[in-house]
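For the single chain, residues carry numbers from 1 onward in sequence order. In this text, all values refer to a predicted model and were calculated from it rather than measured experimentally.
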Amino acid sequence: MHTVAILALERSGGIDISIPCMIFAQAYPMGHHGPPARPLYNVRVCGPMVTTTVPYGDVAFRILPPYSWADAAAADTIWIPGLSRYTEPPPEEVIRLLRDAHGRGVRLVAICNGVFVLAATGLLDGRRAATHWTHAATLSSLYPDVRIDDAVLFVDDGDILTTAGGAAGLDLCLHLVRRDHGSAVAAETARHTVMPLQRDGGQAQVVDYVRPETGRSLEPVMRWLEDNLATDLTLEAVACRAGTSVRTLNRRFRAQTGTTPLQWLIGRRLQRARELLETTDLSVEEVASWCGFSSAITLRQHFRRTVGTTPLAYRQTFTPHPA
């Protein structure tokens with residue numbers, strides 16, 4: 001059974017500890033949801049074996065972690081919560097724990113500003129990571145070698161995963177269930193926790209970006225792009241459709257979505273590729289063509305960089321299997 005160790009650090013966020021407890025404890029094999037069936041994960045809240053303060057604004061409570069740091073070290077996945085004093089260096093024993101665990105192949109997951117704890121270990125240097133948009137500038141200042149993406153709900157970089165705000169931890173937990181046990185189990189888990197398996201969009205929907213001074217919403221051109229994913233589109237063609245220059249298009253896209261037109265388009269193409277891999281028996285070459293990638297090689301390159309695996313491996317993992 002896969003063991004998830006949730007670190008209970010001093011001044012951890014309460015929701016950051018509760019979310020993985022709720023989701024992973026409710027992930028059951030297909031057709032056997034709830035007791036007496038055993039869940040698919042062994043969830044352990046681990047800490048220094050002393051009472052830990054868990055604040056949230058002016059409200060605080062205390063917990064006594066039932067498992068030790070040694071138990072965390074033996075886990076398959078370690079979950080790192082956000083902290084109220086996230087700019088302060090984490091305890092050295094936590095840094096050693098995470099470095100040693102990563103060296104043994106343990107999967108590391110940080111929620112919200114728990115990414116600061118991960119960044120302090122040096123394990124995020126040169127790697128892409130998500131964080132809450134209000135923390136992005138501070139994270140970049142303290143850890144300039146981390147490639148920050150503050151426009152997404154979470155980043156799956158294979159053996160290290162990071163999320164935006166606390167609620168994005170729900171999305172990431174379900175993503176992990178899906179990655180570990182397939183779409184059917186993840187969908188059943190989502191149904192029992194009364195939430196969607198996957199939310200559309202990212203932080204760009206809620207970030208307080210400065211709106212363009214002139215020009216209308218890009219929604220019409222975005223819909224046009226989604227309707228023409230299979231077409232070989234250039235920036236000039238998109239700008240022409242939007243009735244603007246390439247420079248203005250880039251500025252307006254950055255302001256309204258937090259990313260560039262081409263990156264936004266690649267993201268939509270990859271999302272469509274994932275849907276086709278899950279729901280059809282099209283070959284990788286056919287999927288690439290349907291989604292507007294110039295070749296299967298190009299699709300594989302983008303897929304590996306963004307999803308952390310190959311299209312075929314993704315299909316094997318996320319295609320529902322008969323119970």
Side-chain angles (χ1 to χ4, degrees), residues 2 4 6-7 12-13 15-24 27 41 76-83 86 98 102 106-119 123-124 127-136 139-140 143 146-183 185-187 189-190 193 195-207 257-259 263-264 266-268 270-271 273-275 278 302-309 314 317-318:
H2 190 111
V4 177
I6 302 161
L7 301 188
S12 299
I15 190 173
D16 297 0
I17 295 174
S18 302
I19 282 174
C21 290
M22 177 182 70
I23 299 296
F24 293 125
Y41 295 91
D76 302 292
T77 294
I78 295 179
W79 182 278
I80 305 152
L83 305 174
Y86 56 89
L98 296 176
H102 182 260
V106 175
R107 184 167 62 189
L108 303 180
V109 183
I111 183 172
C112 195
N113 61 45
V115 69
F116 283 79
V117 177
L118 261 182
L123 297 174
L124 284 179
R127 300 183 68 156
R128 180 169 166 253
T131 191
H132 194 280
W133 60 276
T134 59
H135 301 323
L139 182 62
S140 178
Y143 304 102
V146 179
R147 296 165 48 212
I148 303 165
D149 190 340
D150 61 354
V152 296
L153 293 175
F154 61 83
V155 168
D156 181 344
D157 199 23
D159 56 344
I160 296 181
L161 299 93
T162 49
T163 80
L170 291 164
D171 301 275
L172 183 53
C173 283
L174 288 173
H175 170 75
L176 287 172
V177 174
R178 186 181 185 191
R179 178 171 141 176
D180 294 340
H181 301 287
S183 294
V185 171
T189 305
T193 52
M195 66 171 292
L197 177 58
Q198 180 173 320
R199 285 191 285 167
D200 292 330
Q203 290 190 82
Q205 295 177 327
V206 295
V207 174
T257 70
T259 189
Q263 287 302 314
W264 188 90
I266 289 172
R268 290 301 182 272
L270 285 171
Q271 181 58 40
R274 291 163 74 161
E275 293 171 359
E278 290 184 29
H302 284 293
F303 215 88
R304 170 68 74 178
R305 185 178 304 117
T306 303
V307 186
T309 187
Y314 180 89
T317 300
F318 293 133

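- Remark: Leu270 CG to Tyr314 OH distance equals 10.5 Å, nearest 0.5 Å.
- Nearest heavy atoms, Leu139 versus Ala119: CD1-CB, 4.2 Å.
- Expressed to the nearest 0.5 Å, how far CG of Leu176 lies from CH2 of Trp79 amounts to 7.0 Å.
- Interatomic distance, OG1 of Thr77 versus CG of Asp180, reported as 6.5 Å (0.5 Å rounding).
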Worksheet entry | Worked verdict on Asp171 versus Phe154 for side chain to side chain contact (heavy atoms under 4.5 Å, CB included) | CA-CA 8 Å; Asp171 301 275; Phe154 61 83; 4.0 Å; yes
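- Applying the side chain to side chain donor-acceptor pair (under 3.5 Å) test to Asp76 and every residue at least two apart in sequence or in another chain returns nothing.
- Annotation: the span from Leu108 atom CG to Ile78 atom CD1 amounts to 6.0 Å, rounded to 0.5 Å.
- By the 4.5 Å heavy-atom criterion applied to side chains, Pro81 and Leu7 are counted as neighbours.
- From Arg107, atom CZ reaches atom NE2 of His2 across 4.5 Å, with rounding to the nearest 0.5 Å.
- His175 places none of its side-chain heavy atoms less than 4.5 Å from the side chain of Thr163.
- The only member of Ile6, Val177, Thr189, Ile19 that meets side chain to side chain contact (heavy atoms under 4.5 Å, CB included) when paired with Phe24 is Val177.
- Here the side chains of Leu172 and Ile111 are not in contact, with every heavy-atom distance at 4.5 Å or above.
- Contacts of Asp157 classified as side chain to side chain donor-acceptor pair (under 3.5 Å), with partners at least two apart in sequence or in another chain: Arg127.
- Of the possible donor and acceptor atoms, one in the side chain of Asn113 sits under 3.5 Å from a partner among the backbone N and O of Leu83.
- Residue His132 holds its NE2 atom at 14.0 Å from OG1 of Thr162, rounded to the nearest 0.5 Å.
- Between His135 and Phe116, the ring planes are perpendicular. Angles over 60° get that label, and only those under 30° would be called parallel.
- The shortest side-chain heavy-atom distance between Ile23 and Leu170 falls under the 4.5 Å cut-off.
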